[in-house]
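Every chain is numbered from 1 and lettered A, B, ... according to where its sequence line falls, protein lines coming before strand lines.
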Number of protein chains: 2
Amino acid sequence: MTEISNAEFEVLEALWQNYPASANDIIKKLNENTDTDSDVQEKQWHDKTVKTLLNRLVKKQAISFEKQQRHYLYSPLLEREAYTLKESKSLVERMFSGKIAPLVAGFAKQNDLNKDDIKALKSLISDWEKNND
Amino acid sequence: MTEISNAEFEVLEALWQNYPASANDIIKKLNENTDTDSDVQEKQWHDKTVKTLLNRLVKKQAISFEKQQRHYLYSPLLEREAYTLKESKSLVERMFSGKIAPLVAGFAKQNDLNKDDIKALKSLISDWEKNND
DNA sequence: ATTGTAGGATTACACTTGTAATCAAAGCTG
DNA sequence: CAGCTTTGATTACAAGTGTAATCCTACAAT
């Protein structure tokens, strides 16, 4: 499967959140202002742009569609989890020789970890240890 | 600063490993077969290709050069750590709402963590706790 | 001094990507 | 039934990318 671009990923993301979905559903979801209490203006997606991206995703076999009357209903062909894992591994491979700790270390150094993050990590570790000793 | 492409990143990576370096130094480093005991053939970088990428990196102000006689010696302008952190954060933001644990969880689920990784993570956590309580 | 050569500079070129506009067919509306 | 509208399909187009080839000029070697 070919690579999925950034813009394509955002469309796919909207689809993952709710599918099957029509082009309009997806456009609407993309244009929902998710942070209403913020003053940053969310980018507005243009109708035509999203449709182009949907077409490209179909060509790349990342999503499928089925005719519903004269409209299409799209669905992902790719699982979100599988995709994000692939991308994560690719980045970790390229930047950190496949080791995850240096990535986490960067976050730690920048003070990008809070108590919840640490709790979640500890929980992952203890699960791992439960299964691997 | 504009984005650095994948190919550009590999060149930059070679430069980070050893600088200042001439174009030839960099080309040679890129073409060193790092996994000699493997049968996968490493990609060979073409002279001209690398020079193009160096030029683009200069334009993007990711690297600098100084004339040494009639040759150039290149040096990174960007710190590796800063760059990899920026990229990591960008991915974690886009795919995991900024949370790092889900990324690590993906690795765990795929059995991509070993004892050393866990040890490193634990050590990071205990450092964090030392500084944050 | 002439000529080959080693670089850096410039140009090339197809493919991808972001961002749409235009086209065409199928319904909807008066 | 004849346009108007909706919606997918096709086309557009500049910028970025991967991958080089060609050009040009200062040295090196004969």
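In this structure, A/His71 atom NE2 and D/dG8 atom C1' are separated by 10 Å, rounded to whole Å. One can place CD of A/Glu10 at 11 Å from C1' of C/dG18, the figure rounded to the nearest angstrom. Following rounding to the nearest Å, B/Arg56 (CZ) and C/dG8 (P) show an atom-to-atom distance of 17 Å. Atom-to-atom, NZ of B/Lys28 to P of C/dG7 comes out at 11 Å; the value is rounded to the nearest Å. B/Gln44 has its CD atom 13 Å from the P atom of D/dT19, to the nearest Å. Atom NZ in A/Lys67 sits roughly 11 Å away from atom C1' in D/dA9 (whole-Å rounding). In this structure, NZ of B/Lys51 is placed 15 Å from P of D/dT22, rounded to the nearest angstrom. Rounding to whole angstrom units, CZ of residue A/Phe65 and C1' of D/dA9 are separated by 11 Å.
Across every non-hydrogen atom of B/Trp45 and B/Ala7, the tightest pair is CH2-O, 3.9 Å. Heavy atoms only, all atoms of each residue included: A/Lys99 and B/Asn114 are closest at NZ-ND2, 4.2 Å. Here the shortest heavy-atom pairing between B/Ser75 and B/Leu15 reads C-CD2, 3.7 Å.
Place A/Asp47 and B/Thr52 on DNA chain D by their nearest nucleotides, and A/Asp47 ends up nearer the 5' end. Comparing A/His46 and A/Asn6 against DNA chain C, the residue whose closest nucleotide sits nearer the 5' end is A/Asn6.
Between A/Lys43 and C/dT19 there is a side-chain polar atom (N or O) within less than 4.0 angstrom of OP1 or OP2. Put simply, B/Lys60 has a side-chain N or O that comes within less than 4.0 Å of OP1 or OP2 on D/dT17. Look at A/Asn55 and you'll find a side-chain N or O under 4.0 angstrom from OP1 or OP2 of D/dA9. In this model, the phosphate group of C/dA20 is approached by a side-chain N or O of A/Thr49 to a distance below 4.0 Å at OP1 or OP2.
Nearest to the side-chain atoms of A/Leu53 among the listed nucleotides C/dG18, D/dA20, C/dG8 stands C/dG18. Closest to the B/Tyr72 side chain, of the nucleotides D/dT17, C/dA9, C/dT10, is C/dA9.
Residues from residues 15-26 of chain A placing a heavy atom under 4.0 Å of any atom in DNA chain C do not occur.
The hydrophobic cluster containing A/Ile63 does not contain A/Leu73, counting ILVMFWY residues as joined when their side-chain heavy atoms lie under 4.5 angstrom apart, directly or transitively.
The pair A/Arg80-A/Glu13 counts as a salt bridge, with a side-chain nitrogen and a carboxylate oxygen less than 4.0 angstrom apart. A salt bridge is defined here as a Lys NZ or Arg NE, NH1 or NH2 lying under 4.0 Å from an Asp or Glu carboxylate O, and A/Glu10 with A/Lys43 fails to meet this definition.
Taking the six-membered ring for Trp and thresholds of 30 and 60 degrees, B/Tyr83 and B/Trp16 have ring planes inclined between 30 and 60 degrees apart.
Among the heavy atoms of the strands lying under 4.0 Å from B/Ser5 are primed sugar atoms or P, OP1, OP2 only; no base atom is included.
Side-chain to base pairing of A/Lys48 with C/dT22: one donor and one acceptor N or O lie within less than 3.5 Å of each other.
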* Asked: Would B/Ser22 and B/Asp25 satisfy side-chain hydrogen bond (donor to acceptor under 3.5 Å, both in side chains), going step by step from the backbone distance to the final call?
  -> CA-CA 5 Å; B/Ser22 69; B/Asp25 293 341; 3.3 Å; yes
